[in-house]
Amino acid sequence: MEYWLRLLVHGGIRNILVNTHYRAAQVNDFIAGSEYVPYVTLVHEEILLGTGGTLLRNREFFGADPVMLIHGDNLSLFNVRDFVRAFEERPKGAEITMMTFDTDAPQNCGIVELDSFGIVRGFYEKVQNPPGRLANGAVYMLSGNVVGYLASLGKEFIDFSTEVIPHFIGRMNTFHNKIYHRDIGTPESLSAAQSELPLALSRFSLN
């Protein structure tokens, strides 16, 4: 979380919602003792609603503004302003900008297929023989229309990967993370990130 908050605040994102569930008290204590208190609003889900459900539950926080959606079990280094610019300059009709990266474990990721304009035309969520290594980084910029779509589903629990992304195929452009990105949701991937991160940080600047 320290890496994410530092990245976002230095990138000009100053209105951040953090959803807690697992070890919520530990997260609360970290935020309370950090320099990021002015920028963070904490909400708690006793029962998880899925990524889409969390967005919908907190739609008043976002209003009609675009939303940067981040899955916190990723470790990522990228230029936040460039990512936002990719969304602002997205092709007409695109509602989502998806971060992509090259994965060394494609069977454990959502693999994407792009057309010549960088628009997502195919999405394969954790299949045994995916068509390539270009993966969804689970970091997005969303237009206000996406939250409107969530509301139209008429339910509380909404899985973003299986219920939202398929609906927006053909209406998502991409931003490729060439610096560093890894899903750290397993002990093995966390261990790999711990060995890779020092070198990645040595080549990365927040400025």
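- The salt bridge (charged side-chain N to carboxylate O under 4.0 Å, His left out) analysis of residues 60-80, with sequence neighbours excluded, yields no pairs.
- When atom types are taken as modelled, the side chain of Arg14 and the backbone of Val9 share a donor-acceptor pair closer than 3.5 angstrom.
- In this structure, the side chains of Asn58 and Thr41 stay at 4.5 Å or more apart for every pair of heavy atoms.
- Judged by distance alone, the side chain of Thr100 and the main-chain N or O of Asn177 form no donor-acceptor pair under 3.5 Å.
- Using a 4.5 Å heavy-atom cutoff, the side chains of Val120 and Leu114 are in contact.
- Atom NE2 of residue His71 and atom OH of residue Tyr140 lie 5.5 Å apart, to the nearest 0.5 angstrom.
- Phe101 has its side chain out of reach of Ser76: every pair of non-hydrogen atoms, C-beta onward, lies at least 4.5 Å apart.
- Between atom CG of residue Asn145 and atom CG of residue Leu150 there is a gap of 11.0 Å, rounded to the nearest 0.5 Å.
- Aromatic ring centres of Phe204 and Tyr180 lie farther apart than the 6.0 Å criterion allows.
- Expressed to the nearest 0.5 Å, how far OG1 of Thr51 lies from CD1 of Ile70 amounts to 12.0 Å.
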Could you go step by step and tell me if Asp183 and Asn108 meet the side chain to side chain contact (heavy atoms under 4.5 Å, CB included) rule? CA-CA 9 Å; Asp183 181 330; Asn108 296 328; over 6 Å; no
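- No donor-acceptor pair under 3.5 Å is formed between the side chain of Arg171 and the backbone N or O of Gly93.
- Both tests hold for Arg90 against Phe87: distance to the six-membered ring centre under 6.0 Å, angle to the ring axis within 45°.
- The ring pair (Phe, Tyr, Trp, His ring centres under 6.0 Å) test applied to Phe168 returns Tyr149, not counting sequence neighbours.
- The closest side-chain heavy-atom distance from Ile111 to Val127 is not below 4.5 Å.
- At least one side-chain heavy atom of Leu55 sits less than 4.5 Å from a side-chain heavy atom of Phe62.
- No salt bridge links Glu45 with Arg57; every basic N to acidic carboxylate O contact stays at or beyond 4.0 Å.
- Under the 3.5 Å distance criterion, the side-chain polar atoms of Asp115 are left unmatched by any main-chain donor or acceptor of Arg121.
- Around atom CD of Gln128, no more than 12 heavy atoms belonging to other residues, nucleotides or ligands sit under 6.0 Å away.
- The backbone N or O of Ala24 lies less than 3.5 Å from no partner atom in the side chain of His44, so there is not a single donor-acceptor pair.
- How far CG of Leu8 is from OH of Tyr3: 15.0 Å, rounded to the nearest 0.5 Å.
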Run Ile165 and Ile96 through side chain to side chain contact (heavy atoms under 4.5 Å, CB included) and show every step you take. CA-CA 9 Å; Ile165 290 179; Ile96 298 175; 5.7 Å; no
Worked check of side chain to side chain contact (heavy atoms under 4.5 Å, CB included) between His167 and Val164: CA-CA 5 Å; His167 178 78; Val164 180; 5.8 Å; no
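- A 6.0 Å sphere centred on CD of Glu125 holds more than 12 heavy atoms belonging to other residues, nucleotides or ligands.
- Side-chain contact check for Tyr39 versus Leu5: every heavy-atom pair is 4.5 Å or farther apart.
- Side-chain contact between Phe83 and Met68 is present, with heavy atoms from C-beta onward closer than 4.5 Å.
- Between Asn173 and Glu89 there is no side-chain heavy-atom pair separated by less than 4.5 Å.
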